[in-house]
There are 2 protein chains.
Amino acid sequence: MVSNGAGPDNANTADRLLTVAAHLFREKGYAATTTRELAAALGVKSASLYYHMRSKEDLLYDICVDSIQRIDAEVRAKVAEATDPLDELRAFVTTHLRVVLMDHDRHATMLLELRFLPEDRRREVLELRKSYVRVARQILQNLQEKELIRRDLTTTNLSLAIFNTLNWTILWYHPDGASSLDDVIEFLLSFIMAGVQTPGTPMPDGAAMTARPRRRK
Amino acid sequence: MVSNGAGPDNANTADRLLTVAAHLFREKGYAATTTRELAAALGVKSASLYYHMRSKEDLLYDICVDSIQRIDAEVRAKVAEATDPLDELRAFVTTHLRVVLMDHDRHATMLLELRFLPEDRRREVLELRKSYVRVARQILQNLQEKELIRRDLTTTNLSLAIFNTLNWTILWYHPDGASSLDDVIEFLLSFIMAGVQTPGTPMPDGAAMTARPRRRK
DNA sequence: GTCTATAAAGAGATAGAC
DNA sequence: GTCTATCTCTTTATAGAC
């Protein structure tokens, strides 16, 4: 099999390095992960790492940029396929969760270990994140203009509430846990769709249980 | 002023130490915070720390136990004052958020740096957290039995969704930020009360805007 | 209760052979 | 592309004077 450059495949050592690093960074934290552990996990001596990377910090930077760019592209693509404004929100929520939880190590690292990057690089990643968040806010604004969701909360606050509901999941979700990925996506989507509905109004179109078609395992 | 033993006052050096440590642990992470920085923040030499603590790890342990015990007591007290089942949920949400965001450093440390404790101590703190979560689940179960909230999601999943919505706030909230503490509490409460309502039903009693009386600054 | 001095271990990274 | 060997710096923690 040959690398197609499209995903975090681990064909070459440089990619494997990012994958293994993200795993350790999530489990032990960036600061507490040593280059020696990294080397051991890859089955090489620590000096050998430096043939594939410039520094430990570069690994973190690459993981952050890579994961945010990937989720941004994937989510925009799925949202573009949506057939109506409410479905755009459903597409955003489900795709965000699916990508974050399937590329768990990298996204948890990006979301939680960002502070260990120096100022300039951290800002760069934060800009990418800001641009990504704007996708959600655009969807929400459109829904408010069409009066399809509540208007008593600002799009800023709605988007904060939604990202809260989505992102804390990385701290307890585990593939072998009590809830499958599909279960988690389903109940969080249902909770969010109820949370954004206009107060005093029945749900838009029975939003709770009419999630998008589920992916089979 | 004399210590009353009731709060994280900083009358003595041992308490100041916990407060300063929690602040650094949240800002830089436990692993990346050095005992020298800790000492510098307290205005002493690093050797002097060891008169007040046994180890850096003990600080983390004390912060975790202290913060979870405090929020547990405070939230149970406020919930007990509630006048009806729905008000119990409102009391839980508002008190949880208020305590977490006002004792921001300690709670963020407890929630995010717990993994750096050795197995036995980590388990001990997790047991305390489990017991605290049960408060929320009891409230939700009671509400479901009385058919005052939706019954299509389990109490486990409702409580996961609610804690998601509440806890991720520690990663973006800042006292001087765009939203005041009261604003944050208000819109997250409103989002959560909408999220738990029975699908296809108007909100229980116009829950969105009838938050509990707000504290004045 | 705080200090100076230092021990003992571990960190990220490099040099140069193979 | 990986190795052995090592440099240099930093880490947590202790000993013992004041």
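Protein chains get the first letters and strands the later ones, always in sequence-line order, with residue 1 at the start of each. Computed from a predicted model, the values in this text were never measured in an experiment.
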Checklist outcome for this item: With the side chain defined as heavy atoms from C-beta on, Arg36(A) is closest, among dA11(C), dT2(C), dT14(D), to dA11(C)
Item to check | Atom-pair distance (CG on Leu17(B); P on dG1(C)), nearest Å | outcome: 12 Å
Checklist entry - Contact class for Thr34(B) (heavy atom, under 4.0 Å): base, sugar-phosphate, or nothing? => result sugar-phosphate
Checklist entry - Side chains of Asn164(B) and Thr169(A): donor-acceptor distance under 3.5 Å anywhere? => result yes
Checklist entry - Quick one: Lys45(B) NZ to dT14(D) C1', roughly how many Å, whole number? => result 18 Å
Checklist outcome for this item: Side-chain atoms of Ala47(B) come closest, of dA13(D), dA5(C), dT2(D), to dA5(C)
Item to check | Side-chain N,O (Ser48(B)) to OP1/OP2 (dG1(C)) below 4.0 Å | outcome: no
Next on the checklist: Nearest whole Å is fine: how far is dT14(D) P from Lys56(B) NZ?
Outcome noted: 15 Å
Checklist entry - Taking atom P of dT14(D) as reference, at what distance in whole Å does atom OH of Tyr50(B) sit? => result 7 Å
Next on the checklist: If you take the centroid of each ring, where Trp contributes its six-membered ring, are Tyr61(B) and Tyr30(B) closer together than 6.0 Å?
Outcome noted: no
Next on the checklist: Using whole Å, what does the distance between atom P of nucleotide dA17(C) and atom OH of Tyr51(A) come to?
Outcome noted: 18 Å
Next on the checklist: For the residue pair Asn167(A) / His96(A), report whether a side-chain donor-acceptor contact shorter than 3.5 Å exists.
Outcome noted: yes
Checklist entry - Does a side chain donor of either Ser46(B) or Thr35(B) reach within less than 3.5 Å of an acceptor in the other side chain? => result no
Item to check | Pairwise 5' ranking along DNA chain C for Arg54(A) and Glu37(A), keeping only the more 5' one | outcome: Glu37(A)
Checklist outcome for this item: From the candidates dT14(C), dG1(C), dA13(D), the one with an atom nearest any side-chain atom of His52(B) is dG1(C)
Next on the checklist: How many whole angstroms separate atom CG of Leu49(B) from atom C1' of dT4(C)?
Outcome noted: 15 Å
Checklist outcome for this item: Whole-Å distance, Glu57(A) CD to dG12(C) P, equals 13 Å
Checklist entry - Checking ring pair (Phe, Tyr, Trp, His ring centres under 6.0 Å) for the pair Phe116(B)/Phe25(B): CA distance, chi angles, key distance, verdict? => result CA-CA 11 Å; Phe116(B) 295 107; Phe25(B) 291 170; 9.3 Å; no
Checklist entry - Rounded to the nearest Å, what distance is computed from the OH atom of residue Tyr30(B) to the P atom of nucleotide dT11(D)? => result 14 Å
